[in-house]
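The structure appears right after this line, and notes come after that.
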Amino acid sequence: MTDQNILATAPEPATGSETAVPAPPEPQTPPAPRDRRKLRAVLRWTVAVLVFAAAGTGTAYGIVSQERTDVPGLSTLGDGRWDYPKLTKPTLPPGAPLPFVQENPGEVHYADLEQLLLPAPAGAEADPTLRGERGRVPVERYLKEYAQDGREDLREHLTEGGLRHIVARGWSMPDGTSVRIFLLRFHTSALAGNYFRAQLGGAPDTMVRLVDVEEMSSYDQGYGNDAKVASTERYVYDEATPRGPVQVRHADMTAGDIVALVVVSRKGTAPVVPFHQTVILQNQLLG
């Protein structure tokens with residue numbers, strides 16, 4: 001019974017010439033409903049703590065329950081981000097572990113590689129050059145993202161460095177922005193890490209230049225530290241000035257046995273918010 005109910009049912013004061021003799025006060029017990037509300041609140045907080053503790057044991061595929069508007073490193077709706085579909089868990093073979101758990105010391109992604117590709121957002125038009133069977137593309141298509149003078153070294157490393165296959169997805173947006181994402185799967189996480197550090201993860205002035213980058217790329221200082229994903233490594237770049245007619249933003253990342261390349265380009269200026277959003281979501285899918 002609530003306080004309001006107690007007041008509503010209290011007896012009317014005595015009227016007339018007789019003086020009412022007050023009864024001795026009885027000890028009052030705190031209303032049970034309020035106690036129940038406190039108990040429910042405590043239980044809700046306990047459940048929340050347990051959920052967050054469980055989430056901390058592994059970040060793999062945690063993006064499936066995240067709202068598109070709650071992407072770390074970005075601000076609020078209306079800032080120019082794209083409308084990506086809700087991401088879903090990749091299907092694992094029966095008994096296969098997640099990539100970054102104790103039962104998987106090799107950090108192997110057992111999910112189909114195409115399922116780890118970020119889906120295109122609303123309004124996107126698919127890139128016809130990246131429509132291979134099950135998303136797979138040849139090494140030569142991947143190498144076309146790089147300037148001609150750097151392709152041979154990349155090709156040699158991929159041929160001798162344990163590459164298994166490459167999947168890709170690309171699209172263009174109504175404003176002319178072009179996106180290409182490549183996932184390279186290696187036989188082991190050590191081989192993937194070796195390719196990443198030897199060919200991609202160096203300083204901007206020593207890395208392989210991408211097509212349409214006039215001079216070199218520089219580190220993207222606007223990519224927030226709160227966007228980092230555990231068990232992965234990433235380098236995020238923006239084309240340095242002076243630029244040509246096309247601005248190129250790109251990111252390299254590695255996660256276990258997978259190396260990823262994300263490229264966003266557009267004539268004039270390539271939008272920064274959708275680029276960061278795309279990098280973050282792809283990184284989380286791999287993490």
Side-chain angles (χ1 to χ4, degrees), residues 51-52 54-94 96-101 104 107-127 130-132 134-137 166-173 177-185 223-224 226-234 236 249-264 271-287:
V51 168
F52 281 112
T57 62
T59 59
Y61 310 129
I63 185 65
V64 295
S65 61
Q66 184 182 49
E67 294 294 334
R68 295 189 301 271
T69 56
D70 297 333
V71 179
L74 300 179
S75 51
T76 59
L77 277 176
D79 58 6
R81 73 186 64 185
W82 292 332
D83 184 14
Y84 280 100
K86 184 176 181 180
L87 306 185
T88 57
K89 285 184 178 182
T91 303
L92 293 175
L98 295 171
F100 303 109
V101 296
N104 188 354
E107 299 181 340
V108 175
H109 288 78
Y110 287 101
D112 186 86
L113 197 55
E114 186 182 10
Q115 294 186 44
L116 295 173
L117 273 171
L118 184 66
E125 182 178 347
D127 184 339
L130 297 176
R131 288 179 175 173
R134 297 178 60 194
R136 297 193 180 189
V137 297
I166 303 174
V167 300
R169 177 170 291 142
W171 61 84
S172 59
M173 299 300 289
T177 302
S178 175
V179 179
R180 284 92 65 202
I181 301 175
F182 297 83
L183 302 184
L184 289 70
R185 170 172 272 161
Y223 191 80
D226 56 345
K228 291 183 177 179
V229 178
S231 304
T232 72
E233 187 176 353
R234 85 238 21 99
V236 184
R249 301 181 186 272
H250 58 105
D252 299 306
M253 61 189 78
T254 183
D257 59 336
I258 295 175
V259 172
L261 168 67
V262 176
V263 184
V264 172
V272 62
V273 170
F275 168 62
H276 288 175
Q277 179 191 20
T278 302
V279 172
I280 291 167
L281 293 176
Q282 181 60 73
N283 197 179
Q284 289 179 330
L285 274 174
L286 296 177

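The analysis underlying the following values was restricted to heavy atoms, covering all of them including side chains, and did not include hydrogens, waters or symmetry mates. This chain uses plain numbering: 1 for the first residue, then up along the sequence. For clarity, every value in this text was computed on a predicted model and none was experimentally measured.
Residues satisfying the side chain to side chain contact (heavy atoms under 4.5 Å, CB included) test with A120, not counting sequence neighbours, are A124, W171. Qualifying side chain to side chain donor-acceptor pair (under 3.5 Å) partners for E114, counting only residues two or more places apart in sequence or in other chains: none. Residues satisfying the side chain to side chain donor-acceptor pair (under 3.5 Å) test with D252, not counting sequence neighbours, are none. For the side chain to side chain donor-acceptor pair (under 3.5 Å) test, no residue two or more places apart in sequence or in another chain qualifies with T254. The side chain to side chain donor-acceptor pair (under 3.5 Å) search around S172 returns none, not counting sequence neighbours. When the salt bridge (charged side-chain N to carboxylate O under 4.0 Å, His left out) test is applied to R234, no partner is found at least two apart in sequence or on another chain. Considering only residues two or more places apart in sequence or on other chains, E125 meets the salt bridge (charged side-chain N to carboxylate O under 4.0 Å, His left out) condition with none of them.
Once rounded to the nearest 0.5 Å, the distance linking CD of Q277 with CG of L118 reads 8.5 Å. Atoms CD and OG1, from Q115 and T88 in turn, are 7.5 Å apart once rounded to the nearest 0.5 Å. To the nearest 0.5 Å, the span separating CZ on R180 from CG on L130 amounts to 8.5 Å. Between N283 atom CG and H276 atom NE2 the span is 12.5 Å, to the nearest 0.5 Å. The NZ atom of K228 lies 10.0 Å from the CD atom of E233; values are rounded to the nearest 0.5 Å.
Side-chain N or O atoms of E107 include none that pairs as donor or acceptor with a backbone N or O of I258 at under 3.5 Å. R169 contributes a side-chain N or O that, together with a main-chain N or O of L117, makes up a donor-acceptor pair within less than 3.5 Å. With hydrogens and angles disregarded, no donor-acceptor distance shorter than 3.5 Å links the side chain of H109 to the backbone of G256.
Residues R81 and P121 are not in side-chain contact: their nearest non-hydrogen atoms beyond the backbone lie 4.5 Å or more apart. Side-chain contact between V236 and F275 is present, with heavy atoms from C-beta onward closer than 4.5 Å.
Scanning both residues, A255 and T232, for their nearest heavy atoms gives CB-CG2, 3.7 Å.
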key: Pair W82-L281, side chain to side chain contact (heavy atoms under 4.5 Å, CB included): steps then yes or no   = CA-CA 11 Å; W82 292 332; L281 293 176; over 6 Å; no
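The list of salt bridge (Lys or Arg N to Asp or Glu O under 4.0 Å) pairs with a residue in residues 253-263, not counting sequence neighbours, reads R185-D257.
When each of V137, D112, L183 is tested with V167 by the rule side chain to side chain contact (heavy atoms under 4.5 Å, CB included), just one qualifies, namely L183.
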